[in-house]
Amino acid sequence: MTESWVNSAERVGADLHLELDGPGGRRAALIRALRDAVRSGRLAPGTRLPPYRSLAADLGLARNTVSDAYAELVAEGWLTARQGSGTRVAARAEPLRPPARIPKTPGAPPHARAPRHDLRQGTPDASSFPRSAWATSYRRALQKAPNQVFGPGDPAGRTELREALTEYLARARGVRTEPGRIVVCSGFAHALRLLFGGRVLRGPLAVEAYGLGFHRGLLAEAGVRTVPLPLDEHGARVERLGRERAVLLTPAHQFPTGGPLHPMRRAAVIDWARARDGVIIEDDYDGEFRYDRKPVGALQGLDPERVIHIGSVSKSLSPALRLGWMVLPQRYVAGVLDAKGEREAWASALDQLSLADFIVSGAYDRHVRRMRQRYRVRRDRLVAALADQAPHIEVAGIAAGLHAVLRLPPGTEPSAVEAATGQGVALDGLAAFRHPETDMAVRDGLVVGYATPAEHAYAAALEALCATLPPRRP
Ligand SMILES: Cc1ncc(COP(=O)(O)O)c(C=O)c1O
């Protein structure tokens, strides 16, 4: 049953084509068609609908059918009916916005069928989530929580967590701050949304030439142009910073290529920020995981007024918790709080209190120490397998984090990714992280996440990986 109705411009402001089909009879079909027209914006708020009689005649329907459909949509809030002004599209019937086109993050898509060997970067070892220690902290937090915790939350975050983070970040990452300059958020992605979507900062934003496309997509959605900074063996070439007033860096462990920012570049970027009244956004996504030496302290420690330091538990505990923090220069605190709104709408107060307890009780340090040991062994096994089975393939970058980059001969990356995928080994090539506008020479490499496979499956995953690598060139 498909019928159409095209009505005149002065009646509804625009030509309208209604498709009356689908299950449930003509009344249901008309309700659906009108609701879709409002939802999609084809019928704009305030638009006057034709009288029952005319619409019924146009569509060949009984008048009752049309009046019932209007009444139903009035009851649902899509239409309003007022004596004397007829039936109109409700003012608050917001059309559905087209979904934002944010590129998918390389890494594990949530619902894809599991590959035989999952070596995609992105997630920590899920089997090591400290379930019982977290439950202990959660229970303790719940028992101690004042009643006010169960009301609307403070957008800055719970004081207990901000105090715990102040002490922890100073000790573990060399961050210099105080609780009043920390704003709790749901992770790095949320922090970017608050900073740029909330207009605390404006573009253009300089970013590293290799990074997460997902983050670039979030920025593009907020109307921010990203300008790629080339990378070399010392990290981002900060001397190439142009007219931008903000730069996003991963100083402890460049994501994904794997080197730290050279001490001279660290000093140079701070000098740049001071000279240009600029700001550095420090993405400290895996700063605790360094295996060959003590982690290099956060860049923020060099100048707390020039660096926005952002961290989260996504690598150290789990991205499922959606808990992170922004350590802000004083001048941005009010703007970020404004962007968050009147009350906490992202981070559960109980999870915040649990994390505070987890940190203060020492459970966080114990967990990070245990995971550091586990990931170090995983990385060593990867390096050993390569030395044994593919000695011509080098591991780039420092011994850190949850992933490694295998350097490949020029031009071999696409076939190497294809060969691995064909053998059931899921991983990404460096090309998946490359800024589309960079003029930097292409680097061929495979990004291998070593945290995800279960312990019993890791040896087989390494074997399968080595078997698919390009052979030594003659
Ligand atoms: C480069 C990079 N930055 C930040 C994050 C953390 O993101 P979020 O805190 O939004 O989970 C990740 C992933 O864990 C990452 O790979």
Side-chain angles (χ1 to χ4, degrees), residues 102-110 119-126 128-129 157 161 165 169 173 182-197 205 207-219 221-222 226 228-229 231 235-236 247-261 280-289 298-300 308-327 346-348 351-352 355 368 371 375 397-398 400-405 427-428 430 432-435 447-452:
I102 295 179
K104 288 235 169 71
T105 305
L119 292 176
R120 288 171 292 190
Q121 71 75 35
T123 38
D125 173 11
S128 296
F129 185 82
L161 178 57
L165 284 169
L169 292 172
R173 303 294 303 121
I182 295 182
V183 174
V184 173
C185 58
S186 78
F188 185 79
H190 183 211
L192 275 189
R193 283 189 165 108
L194 290 171
L195 287 172
F196 290 94
L205 172 71
V207 297
E208 293 159 329
Y210 283 83
L212 268 189
F214 174 64
H215 292 161
R216 292 194 295 264
L218 287 183
L219 291 160
E221 197 200 0
T226 54
L229 272 183
L231 301 164
V247 57
L248 166 58
L249 298 172
T250 47
H253 187 214
Q254 202 286 321
F255 183 86
T257 61
L261 188 64
I280 303 156
I281 301 170
E282 175 173 39
D283 176 2
D284 199 41
Y285 67 103
D286 67 358
E288 290 119 331
F289 294 115
L299 188 66
Q300 190 268 4
I308 298 176
H309 174 92
I310 302 172
S312 76
V313 298
S314 292
K315 297 282 195 214
S316 56
L317 275 166
S318 162
L321 286 173
R322 301 317 305 149
L323 268 181
W325 46 88
M326 309 171 72
V327 178
W346 285 272
S348 141
D351 285 345
Q352 292 186 48
L355 180 59
V368 166
M371 297 318 292
Y375 295 142
I398 51 174
L402 282 59
H403 73 276
V405 173
L427 45 65
D428 292 293
L430 272 179
F433 301 89
R434 188 177 163 84
H435 194 295
V447 182
V448 176
Y450 41 77
T452 304

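What you see is a predicted model, and the numbers here were worked out from it, not measured in a lab. Order of appearance sets the numbers: ligands from 1, and atoms from 1 within every ligand.
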* Asked: Of all the atoms in ligand 1, which lie at a distance below 4.0 Å from a heavy atom belonging to D283?
  -> 1 (C), 2 (C), 3 (N), 4 (C)
* Asked: Going by heavy atoms, is H190 under 4.0 Å from ligand 1?
  -> no
* Any donor-acceptor N/O pair, E282 side chain to Q300 backbone, under 3.5 Å -> yes
* To do: Would you mind reporting whether T257 and E208 have side-chain heavy atoms less than 4.5 Å apart?
  => no
* Asked: Would one find an N or O of P319, backbone or side chain, under 3.5 Å from an N or O of ligand 1?
  -> no
* Asked: Which protein non-hydrogen atom lies closest to atom 7 (O) of ligand 1, naming both residue and atom, and how far is it?
  -> F188 CB, 3.7 Å
* Side chains of L212 and F188: closer than 4.5 Å at any heavy-atom pair? -> no
* Between Q121, K315, R322, H403, which one has a non-hydrogen atom sitting closest to atom 13 (C) of ligand 1? -> K315
* Structure fact -> atom 11 (O) of ligand 1: closest protein heavy atom, distance to 0.1 Å, is S314 OG, 2.6 Å
* **Among T250, D286, L402, L212, closest by any non-hydrogen atom to atom 16 (O) of ligand 1** => L212
* Asked: Do any N/O atoms on Y285 end up under 3.5 angstrom from N/O atoms on ligand 1?
  -> no
* To do: Measure centre to centre between the rings of F255 and Y285, then say whether the value is under 6.0 Å.
  => yes
* **Trace of the side chain to side chain contact (heavy atoms under 4.5 Å, CB included) decision for R120 with T452** => CA-CA 8 Å; R120 288 171 292 190; T452 304; over 6 Å; no
* To do: State, yes or no, whether a side-chain contact exists between R193 and W346 at a heavy-atom distance under 4.5 Å.
  => no
* Classify the contact between F255 and ligand 1 as side chain, backbone, both or neither, using a heavy-atom distance cut-off of under 4.0 Å. => side chain
* Asked: In a check of side chain to side chain contact (heavy atoms under 4.5 Å, CB included) between R322 and each of S348, S186, C185, S312, which one passes?
  -> S186
* Asked: Going by the order shown, which atoms of ligand 1 are within less than 4.0 Å of some heavy atom of H215?
  -> 2 (C), 3 (N), 4 (C)
